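This structure is a prediction, so every number in the text was calculated from the model and none was measured.
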Amino acid sequence: MDALTVVSALVALSGAATTAVLGYWTQRRLRLIELRNLMDSYGASLAWAAYDLQARLYNVLYGHEVDLSPGPSRGFMTSFHLQGTPEEREYVRHSTVFVLAEYLGWVEILRRDIQFLDLGQSRANQRAVTVISSIGTVLNRTSATDDNTLRLWRAEQRAIGELMVHPEGEPGRRRCLGYAEFCEKLACEEVYRRWFAPLLADVDRLAGNTGPAVPRLAELQEKLIALIDVLDPKAQRFPQFREAARAARSVRRAG
């Protein structure tokens, strides 16, 4: 083999190696862009789900404060569950369980499609993982002083989330069940009745006596607000809510 042939072979080998390396880093960069786009899209849906859940918790907690205050005013649970029409009572039961389940559904979707750690050293992503994990801890916690209303073990959280993922979705385009679909499945499918019956009973118990659950539900609402802060750092989606949340935090801390 002459020198020219050797040089040509080395050049070809070097070019192939360079192409392979460039191809690897190009694919990795495209994958990171894809994952970040998914995080933006799914993160917005998770933020809305967190907002809806914390809003219901606010209604429950603030309504409890109203019920304790003197006067004829009645809070959310008393007005619409204990003293409401049968339709209002069912709405409170179903919608309260739905907003919790929808949140868990979006957490499950992110777990399936994003695989958080694939986003590398993203600080926002790391904060999101930390807060989501802390929310799971609050939902999972057992307390001697709390009546453990709306408590879900971590495996139960996953199971509820799995049931809320729409069966027609595909990676990158998944979505949760809507409220009407959720209510229909709850009425017609035994698997949904079996998994959600304990949560519906918890809502009934919460309406009867909110007090024991207040500390844990208040902590859960706080952590949901913290998650919204991470997912919507510039307050583009919930600007008025952010001001109200800050004011509510100040009042609670002062109290």
Does Tyr51 use its side chain to pair, donor to acceptor, with the backbone of Leu224 at less than 3.5 Å?
no
I'd like to know if the side chain of Thr96 reaches the main chain of Val92, judged simply by a donor and an acceptor atom lying under 3.5 Å from each other, with no hydrogens or angles considered.
yes
Could you check whether any side-chain N or O of Gln157 sits under 3.5 Å from a backbone N or O of Gly136, counting only pairs where one atom can act as donor and the other as acceptor?
yes
Check for a donor-acceptor pair, side chain of Ser69 on one end and backbone N or O of Val66 on the other, with a separation under 3.5 Å.
yes
Output for pair (Leu139 CG, Asn148 CG), nearest 0.5 Å, gives 11.5 Å
Assess whether a salt bridge exists between Asp204 and Arg89, defined as any Lys/Arg side-chain N lying under 4.0 Å from an Asp/Glu carboxylate O.
yes
Are Leu82 and Leu150 connected, step by step, through hydrophobic side chains (Ile, Leu, Val, Met, Phe, Trp, Tyr) whose heavy atoms are closer than 4.5 Å?
no
Between Glu219 and Arg216, does any NZ, NE, NH1 or NH2 come within less than 4.0 Å of an OD or OE carboxylate oxygen?
no
Any donor-acceptor N/O pair, Glu184 side chain to Glu181 backbone, under 3.5 Å:
no
Aromatic centroids of Phe182 and Phe196 separated by under 6.0 Å
yes
May I ask you to decide if Gly105's main-chain N or O and Glu108's side chain share a donor-acceptor pair within less than 3.5 Å?
no
Do the numbers put Arg193 on top of the ring of Trp195, so that NZ or CZ is under 6.0 Å from the six-membered ring centre and no more than 45° off the axis?
no
Look at the side chain of Tyr42 and the backbone N and O of Arg173, then say whether any donor-acceptor pair between them is shorter than 3.5 Å.
yes
Give a yes or no on whether the backbone of Gln221 and the side-chain of Tyr58 come within a donor-acceptor separation of less than 3.5 Å.
no
Thr78 (side chain) donor-acceptor with Arg74 (main chain) under 3.5 angstrom
no
